[in-house]
2 protein chains.
Amino acid sequence: MATTSAAPEDRVFAALANSTRREVLRLLREDGPQPVQALADHFDMARPSLSEHLKVLREAGLVSEERQGRQRIYRLEALPLAEVQDWLHPYERFWRDRFKELGALLDRLPDDEADPAPRTR
Amino acid sequence: MATTSAAPEDRVFAALANSTRREVLRLLREDGPQPVQALADHFDMARPSLSEHLKVLREAGLVSEERQGRQRIYRLEALPLAEVQDWLHPYERFWRDRFKELGALLDRLPDDEADPAPRTR
DNA sequence: TTGACAGGTAGGAAATTCCCTACATATTGT
DNA sequence: ACAATATGTAGGGAATTTCCTACCTGTCAA
């Protein structure tokens, strides 16, 4: 019956669905608050396109902007990500169970190679 | 420089971007493995549309199917969600910092109303 | 004031997503 | 074998997303 209510976290999940936007978040996290240009330097795309992405992030509450002269300094606002973590929580035991199964399986095997081969990408 | 490489987690984030799909995950988590019909009962949408959603979830590794006669039992596969949690990790300190700020602020106020009034937005 | 810089907005094309109605396939009961 | 059940796939339309090239606005420096 649930008509798939549009939760407020909807915007956050949608914002995270794009890798450019996730990269922006990473840049803000690792390099701190910075103007649009500095961010744009990391992408191939036209600057106005990045502006659109910033808008999506803004509307999801994931970044804030502070005007400073003719620049706008964008800053990471991580709080909405706490919602995502909360959302994940009830699933945690499921993957932990899986890990346990896997661990048990490995225990039963001869002590061979622990490393499961480098990811083929 | 980074051309926003399409990470493998891309599929997972994209899968989570839709609330119907998140609802499916919740149903599988709360009610356990079940056939498509049982899931479909919870949605207004045509069953083939749900099938498409299940396909997206399958390709993200978030569910698995087990054929049982003419039914297909879908089961939650939560492991890819661990990737999401890993992705979240480096952000955690940012929102904790925010909480601390908030806490400090509240401490400085007269012990009045703890509830900060519903956001006027 | 004028020009250059920073960055948002408008308008639109191409791709993708989401949902639908047929239809195809496999299994099961009669 | 036949009808009914369970579910996937095809084809297509509408909406949304993503990206582009102009273009507009505000700030700073000469």
Side-chain angles (χ1 to χ4, degrees), chain A residues 1-7 9-25 27-28 31-60 62-75, chain B residues 1-7 9-25 27-28 31-60 62-75:
Chain A
M1 265 294 182
T3 323
T4 302
S5 63
E9 74 216 11
D10 221 80
R11 278 196 143 83
V12 178
F13 278 110
L16 297 182
N18 179 281
S19 60
T20 296
R21 290 192 292 263
R22 290 198 305 278
E23 181 71 2
V24 167
L25 294 180
L27 288 167
L28 292 177
D31 305 341
Q34 50 193 299
V36 177
Q37 277 223 320
L39 291 169
D41 286 348
H42 294 82
F43 300 96
D44 272 344
M45 98 189 27
R47 195 202 32 76
S49 301
L50 183 62
S51 260
E52 290 288 323
H53 284 305
L54 290 172
K55 186 180 188 174
V56 173
L57 289 170
R58 244 184 290 129
E59 289 174 350
L62 286 163
V63 303
S64 60
E65 66 165 29
E66 178 202 350
R67 289 161 190 236
Q68 221 174 71
R70 50 184 154 183
Q71 305 194 124
R72 306 193 182 195
I73 312 297
Y74 276 83
R75 171 190 306 270
Chain B
M1 268 282 192
T3 324
T4 302
S5 63
E9 74 217 12
D10 220 79
R11 279 198 142 83
V12 178
F13 279 110
L16 297 181
N18 179 281
S19 59
T20 296
R21 290 193 292 264
R22 290 198 305 276
E23 181 70 4
V24 168
L25 295 180
L27 289 167
L28 292 177
D31 306 340
Q34 50 194 300
V36 177
Q37 276 223 321
L39 292 169
D41 286 348
H42 293 83
F43 300 94
D44 274 343
M45 99 188 27
R47 194 204 32 78
S49 302
L50 183 63
S51 260
E52 290 287 323
H53 284 305
L54 290 173
K55 187 179 186 175
V56 173
L57 290 170
R58 244 184 290 129
E59 289 174 349
L62 286 164
V63 303
S64 60
E65 68 166 28
E66 177 201 352
R67 290 164 189 233
Q68 221 174 71
R70 51 184 153 182
Q71 306 194 123
R72 305 191 183 196
I73 312 297
Y74 275 83
R75 172 189 304 269

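Letters A, B, ... mirror the listed sequences (proteins, then strands); counts begin at 1.
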Quiz item: Under 4.0 Å: is that the gap between some side-chain N or O of B:S51 and OP1 or OP2 of D:dT7?
Solution: no
Practice problem: Send over the distance from B:E52 CD to C:dT21 P, rounded to a whole Å. | Solution: 14 Å
Self-check item: OP1 or OP2 of C:dC18 under 4.0 Å from side-chain N/O of B:S49
Solution: no
Quiz item: So does A:H53 get a side-chain nitrogen or oxygen closer than 4.0 Å to the phosphate oxygens (OP1/OP2) of D:dC19?
Solution: yes
Practice problem: Please figure out whether A:A46 or A:R70 has its closest DNA chain D nucleotide nearer the 5' end. | Solution: A:A46
Quiz item: Is there a side chain to side chain contact (heavy atoms under 4.5 Å, CB included) between A:L62 and A:V56 once you walk through the steps?
Solution: CA-CA 9 Å; A:L62 286 163; A:V56 173; over 6 Å; no
Quiz item: In a check of side chain to side chain contact (heavy atoms under 4.5 Å, CB included) between B:L57 and each of B:L16, B:V24, B:N18, B:V12, which one passes?
Solution: B:V24
Practice problem: Kindly indicate whether the side chain of A:R47 and the base of C:dG8 share any N or O donor-acceptor pair separated by less than 3.5 Å? | Solution: yes
Quiz item: Between C:dT9 atom P and A:R72 atom CZ, what is the distance in whole Å?
Solution: 8 Å
Quiz item: Does A:Q37 make a side-chain N or O approach to OP1 or OP2 of C:dA6 shorter than 4.0 Å?
Solution: yes
Quiz item: Pick from B:Q34, B:E66, B:R58: which one makes a side-chain hydrogen bond (donor to acceptor under 3.5 Å, both in side chains) with B:Y74?
Solution: B:R58
Quiz item: Given side chains that start at C-beta, do those of B:E23 and B:F43 come closer than 4.5 Å, heavy atoms only?
Solution: yes
Practice problem: Write down the distance between CG (B:L54) and C1' (D:dG8), rounded to a whole number of angstrom. | Solution: 10 Å
Quiz item: Where the side chain of B:V36 is defined as all heavy atoms beyond and including C-beta, which of C:dG8, D:dG8, D:dT27 is the nearest nucleotide?
Solution: D:dG8
Practice problem: Send over the distance from B:K55 NZ to C:dC18 C1', rounded to a whole Å. | Solution: 14 Å
Practice problem: For D:dT18, take OP1 and OP2 only and decide whether either is under 4.0 Å from a side-chain N or O of A:N18. | Solution: yes
Self-check item: Candidates D:dT7, C:dC5, C:dA22 - which lies nearest the side chain of B:P48
Solution: C:dA22
Quiz item: Could you give the CE-to-C1' distance, from A:M45 to C:dA13, as a whole number of Å?
Solution: 16 Å
Practice problem: Whole angstrom is fine here: how far is it from CD in B:E59 over to P in C:dC18? | Solution: 13 Å
Practice problem: Assign A:Q68 to base, sugar-phosphate, or nothing according to its heavy-atom contacts below 4.0 angstrom with the strands shown. | Solution: nothing
Quiz item: Between atom CZ of B:R22 and atom CG of B:L27, what is the distance when rounded to the nearest 0.5 Å?
Solution: 13.0 Å
Exercise. Measure the distance from OH on A:Y74 to C1' on C:dG7 and round it to the nearest whole Å.
Key: 8 Å
Self-check item: Distance in angstrom units between A:L50 CG and C:dG7 P, rounded
Solution: 10 Å
